[in-house]
Amino acid sequence: MAKEKILVTGGAGYIGSHTVVELVEASYEPIIVDNFSNSEESALKGIESILGREVVCHRIDCNDANALRGVFEQEQDIKGVIHFAAYKAVGESVAEPLKYYQNNVGSLVTLLQVMEERKVYNLVFSSSCTVYGIPDKLPVTEQTPVQKANSPYGNTKKMCEEILTDLATSGSNVKSIALRYFNPIGAHPSAKIGELPLGVPNNLVPFITQTAAGIREQLTIFGNDYDTADGTCIRDYIHVVDLAKAHVTAVARLLEGKAESIEFYNVGTGTGNTVLEAVQAFEKATGEKLNYKIGPRRVGDVPKIYADVTRATEVLGFRTTSTLEEAMKSAWDWQLSLQKEPAKV
Ligand code: NAD
Ligand code: WQD
């Protein structure tokens, strides 16, 4: 039987590349679409080296409806789409909001129009826990109210969820599953794919690994006067391979015709860890001593957030298998593999 084709926009990126690997391992046929605005061709080589086979990739922009039509035409019989393609730098989105609305909201609308034309009705969308803003109650469930986003980036995720909800209400045939990711970290255990931050990382774990590798001098922990056990912020750090697997189960649910017109799921571990705990987990997992200092709070930071993952567990059969230490170790192995190929750093 022919394998079911899944279009993966942003499939060369961090979460997309890991999902492509998991899709193949679950016997789907991923078709990557990426414009390489935030990724490199080397990601494809990494995927292919893990899988021991080639993967199809179309170098196009998801805002280009004709190019998307061409992909659907050429590939034929695409059963579903996972839409990762978006910009994700929170600070940049404050400075250049239109770039974010165009790429993140614009590309979703274009993609949905082409999907309807081509009668492809299954979509998994990359959303984010950022839609919960600063929650009043923890852990957050999918019923926790979505709040005003505190950045244009966050607002694009909220708007995209609203677009999918409106489309569902309109009676469209498109069914969507929006996965609200918490904090993805780590890399594939092969260390052949991982996160490739361009320039100075904004996110904690790449900053930790680059500091331990001597690329950055010191990690600054943003504030230790929050209302938490050690005063540093709390996040729900999920191994990227566990997150990738959630996409496979979401696709399966859509393709089996089990999904409602729109569904939302939190995808995290269900456990919150402080920044200091994350640092300690890194040190323990790798044996490296991290050079860090406590600095002022970062403007706009959510003090604490972690997921209630009951719905994903019960409906999608979602499970996390990696500990924080295992995720940190995989991030470090990836960092070390990058050092061997300086062109990628
Ligand atoms: P990433 O930047 O590594 O991957 C995104 C990929 O999309 C890149 O390969 C980029 O080149 C591509 N891309 C961007 N715009 C495109 C366009 N118009 N056409 C074609 N390709 C395009 O990011 P990621 O961390 O893998 O995130 C994937 C998705 O998950 C994004 O939608 C992001 O907002 C969302 N998300 C990420 C996180 C996180 O912490 N990494 C958390 C929550 C949600
Ligand atoms: C984690 C923790 C920082 C760097 C961002 C986006 C959010 C979502 C996930 C996509 C925080 C602390 C960090 C550093 C530090 N992305 N930190 N020193 O803030 O949860 O969210 O990524 O949807 O939208 O805003 O992730 O990795 O930046 O920070 O102390 O150098 O690490 O204060 O507590 P965050 P992060």
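In each ligand, atom 1 is the first atom listed, and ligand 1 is the first ligand listed. Just so you know, residue 1 is the first one in the sequence shown, and it goes up from there. Every value quoted in this text rests on a predicted model; they were computed, and no experiment measured them.
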Which residue holds the protein heavy atom closest to atom 10 (C) of ligand 2, what is that atom called, and what is the gap in Å?
Tyr153 OH, 3.0 Å
Enumerate the atoms of ligand 1 whose separation from the nearest heavy atom of Ile60 is less than 4.0 angstrom.
19 (N), 20 (C)
Please work out whether any backbone atom (N, CA, C, O) or any side-chain heavy atom from C-beta onward of Glu195 is under 4.0 Å from ligand 1, and answer side chain, backbone, both or neither.
neither
Sub-3.5 Å N/O-N/O distance, Ser127 and ligand 1
no
Residue and atom name of the nearest protein heavy atom (relative to atom 24 (P) of ligand 1), distance in Å to one decimal
Lys88 NZ, 3.7 Å
Which bit of Ser37 is near ligand 1, meaning a heavy atom under 4.0 Å away: side chain, backbone, both or neither?
both
Without hydrogens or angle criteria, can the side chains of Asp236 and Thr269 be said to hold a donor-acceptor pair below 3.5 Å?
yes
Check contact between Tyr237 and ligand 2, using heavy atoms of the residue and a distance below 4.0 angstrom.
yes
Is the NZ or CZ atom of Lys99 positioned over Tyr87's six-membered ring, under 6.0 angstrom from the centre and within 45° of the axis?
yes
Give the numbers and elements of all ligand 1 atoms closer than 4.0 Å to a heavy atom of Ser126.
29 (C), 30 (O), 32 (O), 35 (C)
Between Thr156 and Asn104: side-chain donor-acceptor atoms closer than 3.5 Å:
yes
Hey, looking at atom 17 (N) of ligand 2, which of Phe207, Phe222, Phe182, Tyr226 has the closest heavy atom?
Phe222
Any N/O pair Ser128/ligand 1 closer than 3.5 Å
no
Look only at interatomic distance and state if Asn35 has a nitrogen or oxygen under 3.5 Å from any nitrogen or oxygen of ligand 1.
yes
Would you check whether Leu204 has a nitrogen or oxygen atom less than 3.5 angstrom from a nitrogen or oxygen atom of ligand 2?
yes
If you measure from each non-hydrogen atom of Phe36 to ligand 1, which part falls under 4.0 Å: side chain, backbone, both or neither?
backbone
State if Asn63 counts as touching ligand 1 under the rule of any non-hydrogen atom under 4.0 Å.
yes
Going by the 4.0 angstrom heavy-atom rule, the piece of Thr220 near ligand 2 is backbone
May I ask you to check if ligand 2 and Val275 share an N or O to N or O distance below 3.5 Å?
no
Test item, Thr9 contacting ligand 1 (heavy atom, 4.0 angstrom):
no
For ligand 1, which part of Asn103 has a heavy atom less than 4.0 Å away: the side chain, the backbone, both, or neither?
side chain
Is it true that Tyr181 and His247 have ring centroids separated by less than 6.0 Å?
yes
Just which atoms of ligand 1 are under 4.0 Å from any heavy atom in Ser39?
8 (C), 9 (O), 11 (O)
For Cys62, the atoms of ligand 1 under 4.0 Å from one of its heavy atoms are 17 (C), 18 (N), 19 (N), 20 (C)
Heavy atom of the protein closest to atom 5 (C) of ligand 1 (residue, atom name, distance):
Ala86 O, 4.0 Å
Nearest-contact summary for atom 37 (C) of ligand 1 - protein heavy atom, Å
Ile15 CD1, 3.8 Å
When you compare ligand 1 with His83, is there at least one nitrogen or oxygen pair between them that comes in under 3.5 angstrom?
no
Per-atom filter on ligand 1: closer than 4.0 angstrom to a heavy atom of Gly10 are 6 (C), 7 (O), 12 (C)
For Tyr153, the ligand 1 atoms with a heavy-atom partner under 4.0 Å come out as 33 (C), 34 (O), 35 (C), 36 (N), 44 (C)
Correct closest heavy-atom pair for Ala89 and Asn202 would be CB-ND2, 4.2 Å
Ligand 1 N/O within reach of Pro184 N/O, cut-off under 3.5 Å:
no
With respect to Val33, determine whether any N or O atom, backbone or side chain, lies less than 3.5 Å from an N or O atom of ligand 1.
no
Near Leu219 (heavy-atom distance under 4.0 Å), the atoms of ligand 2 are 14 (C), 18 (N), 31 (O)
Polar contact flag for Phe182 and ligand 1 (N/O pairs, less than 3.5 Å)
no
Tell me whether the guanidinium CZ or amine NZ of Arg235 lies under 6.0 angstrom from the six-membered ring centre of Tyr306 and within 45° of its axis.
no
In the protein, which heavy atom is nearest to atom 12 (C) of ligand 1, and how far is it?
Asp34 OD1, 3.3 Å
Short list, please: which atoms of ligand 1 are under 4.0 Å from a heavy atom of Lys157?
31 (C), 32 (O), 33 (C), 34 (O)
Using a 4.0 Å heavy-atom threshold (strictly under), name the region of Thr130 that reaches ligand 2: side chain, backbone, both or neither.
side chain
Considering only heavy atoms, which of Val90, Val131, Thr19, Asn38 lies nearest to atom 1 (P) of ligand 1?
Asn38
Ligand 1 contact by Leu196, heavy-atom criterion under 4.0 angstrom
no
Relative to atom 30 (O) of ligand 1, which among Tyr100, Phe125, Tyr181 owns the nearest non-hydrogen atom?
Tyr181
Does at least one non-hydrogen atom of Arg298 fall below 4.0 angstrom from an atom of ligand 2?
yes
